[in-house]
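Please read all numbers here as calculations on a predicted model, not as lab measurements. As the structure lists them, so they are numbered: ligands from 1, and atoms in each ligand from 1.
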Amino acid sequence: MGYVDEVIERVITKNPSEPEFHQAVREVLESLRPVVEKNEEVYRREALLERITEPDRQIKFRVPWVDDQGQVQVNTGYRVQFNNAIGPYKGGLRLHPSVNIGIIKFLGFEQIFKNSLTCLPIGGGKGGSDFDPKGKSDREVMVFCQSFINELYKYIGADEDVPAGDIGTGAREIGYMFGQYKKIRGVYEGVLTGKGLSYGGSLARTEATGYGLLYLTKEMLKSNGIDISGKTICISGSGNVATYAAQKAQQLGAKVVTVSDSNGWVYDPDGIDVAALKEIKEVKRARLTEYKNYRPNSEYHEGRGVWQVKCDIALPCATQNELLLEDAKALVANGCIAVAEGANMPTTLEATKYLQENKILFAPGKAANAGGVATSALEMSQNSERLSWSFEEVDSKLQGIMINIFHNLDDAAKRYGCEGDYVAGANIAGFEKVANAMLAQGVC
Ligand code: NDP
């Protein structure tokens, strides 16, 4: 058995009941085979793959809080500090009932390579809780966030670990967490990113993941001789990533015809009305069933179905494993030319394979959605120098970073003889830098 297969088997045996983590490790390590084969003797001796698949530490803690009825509720909090070979741990906090240690580990593992791809000095981490902010009052969300930080503050810091938002954690939650950290520690530092603009947040951070997704998609299409303007796009999700992906797609001259949430999806043949979407999701915190009130020509459907709609480009922006083999088949049959992942691991391994076999341009999440963390790192820089950059300055740096990421992964794929395989290219480019740093820093 080869080194890669040995390590995959070891990960599965050592971490039972963590299927998402197994999936992420398999996806990364399998595409690293050419690099590993070239360096097998050193990597084996240094146990490099064993070390990179084992988090530096996993923190799991109780989060008690009192609801509006006076009842004590108990959630579980997590922070997985996966790898800090190239910088302080950096990665979001997910608040969703589905959160468990396996999901946080898959996200933290992916984050190592994503952060490395940005070429900024940030290591990989991820955290969150099984708390569901949906349907909770502002007071309940606040006391949950305070309790969460009452424990997490011991492990984070501007030069140590800098969490950010993710599913369920937006500006409101980050604000409550930052306030509590400041109160307990008595220091004003850039310990969290995604902060409000009046207290250290960066302009363009809100838009960054969605905008970055489109900058990378545009560059991938361009380098394959295709213009994004005039293309029809299907987007899933209707949260932070989906909303700003839709906005930038329209600015680039494409037409977005779908969005979705966990209950259903909208088809708008005239193009999604982003202002209406923002009002429904960001202001009213309501469901997509309301969209029809703004756009009578649109259709609302219960359940899944976005990928059955004919489009040129598909941008999954909701959650993991939301684009299945049957969806990939429908996309190919309908003439789709490109898929770029706004969410983390939204496409299953079988679906990815099918899309690639059918010559669909496929940009993996760790490259395509890296604009969020890259702009978080820019927020850290602004906090360190106690300055704020203009929207245009941050946006232009973001564009440069996304274009650079695409060319780095394209070049890595070419160097290892797998031209056009952007999954392998992203994994190789992200891995090489971290591996070299780990080897240089000795056994630790
Ligand atoms: P939000 O919470 O803002 O939005 C998530 C969207 O996905 C909502 O529309 C939500 O619907 C939907 N969704 C969530 N879980 C499910 C599910 N199990 N089934 C179907 N739909 C679901 O999150 P973000 O937009 O921030 O994040 C979306 C994805 O992008 C995640 O994978 C995240 O890890 C990734 N990402 C986010 C970054 C960021 O900067 N925000 C950076 C990089 C990656 P509903 O409202 O019904 O729950």
Side-chain angles (χ1 to χ4, degrees), residues 20 24 90-99 103-104 106-108 110-111 114-115 117-118 122 124 126-128 131-135 163-174 192-194 201-202 204-213 216 235-247 258-266 272 277-278 280-282 284-291 302-307 315-324 327 340-347 364-379 398 402:
E20 292 86 359
K90 182 95 198 82
L93 295 170
R94 178 173 292 191
L95 300 182
H96 193 271
S98 64
V99 163
I103 287 187
I104 298 298
F106 117 63
L107 290 163
E110 289 276 304
Q111 197 82 42
K114 177 191 306 193
N115 293 2
L117 272 174
T118 66
I122 37 179
K126 197 83 188 188
F131 173 79
D132 187 359
K134 245 183 262 154
D166 190 67
I167 289 180
T169 308
R172 174 181 60 169
E173 290 75 16
I174 292 290
L192 288 147
T193 57
S202 173
R205 173 60 188 93
T206 306
E207 294 84 355
T209 309
Y211 278 23
L213 171 65
L216 185 129
I235 289 183
S236 64
S238 50
N240 173 266
V241 180
T243 302
Y244 293 96
Q247 186 171 71
T258 64
V259 284
S260 67
D261 63 19
S262 43
N263 297 116
W265 57 284
V266 161
I272 292 294
L277 184 65
K278 281 190 186 175
I280 295 166
K281 286 290 167 179
E282 294 177 3
K284 297 184 175 169
R285 294 183 188 273
R287 309 305 297 164
L288 279 179
T289 38
E290 290 225 357
Y291 186 83
E302 287 287 332
R304 309 177 68 248
V306 164
W307 313 124
L315 303 177
C317 297
T319 192
Q320 66 273 3
N321 293 330
E322 50 149 322
L323 199 162
L324 314 175
D327 302 316
E341 297 183 319
N344 284 311
M345 210 169 74
T347 317
K366 66 171 71 64
N369 69 32
V373 75
T375 309
S376 277
L378 300 181
E379 183 174 331
L398 171 65
M402 298 313 294

message: According to salt bridge (charged side-chain N to carboxylate O under 4.0 Å, His left out), who are the partners of Glu379, at least two apart in sequence or on a separate chain?
response: Lys195
query: Does the Asn240 side chain pair with the main chain of Thr243, one donor and one acceptor, at a distance under 3.5 Å?
result: no
message: Holding to salt bridge (charged side-chain N to carboxylate O under 4.0 Å, His left out), I want the full list of residues that pass it with Glu290, two or more places apart in sequence or in another chain.
response: Lys284
- line: Asp166 meets the side chain to side chain contact (heavy atoms under 4.5 Å, CB included) criterion, sequence neighbours left out, with Arg94, Lys126, Asn344
Shell of residues surrounding ligand 1, defined by a 4.0 angstrom heavy-atom cut-off that is strict: Arg94, His96, Lys114, Lys134, Asp166, Ile167, Gly168, Arg205, Thr209, Gly237, Ser238, Gly239, Asn240, Val241, Ser260, Asp261, Ser262, Lys281, Arg287, Cys317, Ala318, Thr319, Gly342, Ala343, Asn344, Asn369
statement: Result for side chain to side chain donor-acceptor pair (under 3.5 Å) between Ser376 and one of Asn115, Thr193, Thr209 points to Thr193
- request: Check whether any side-chain N or O of Gln111 sits under 3.5 Å from a backbone N or O of Gly124 as a donor-acceptor pair, and report yes or no.
  value: no
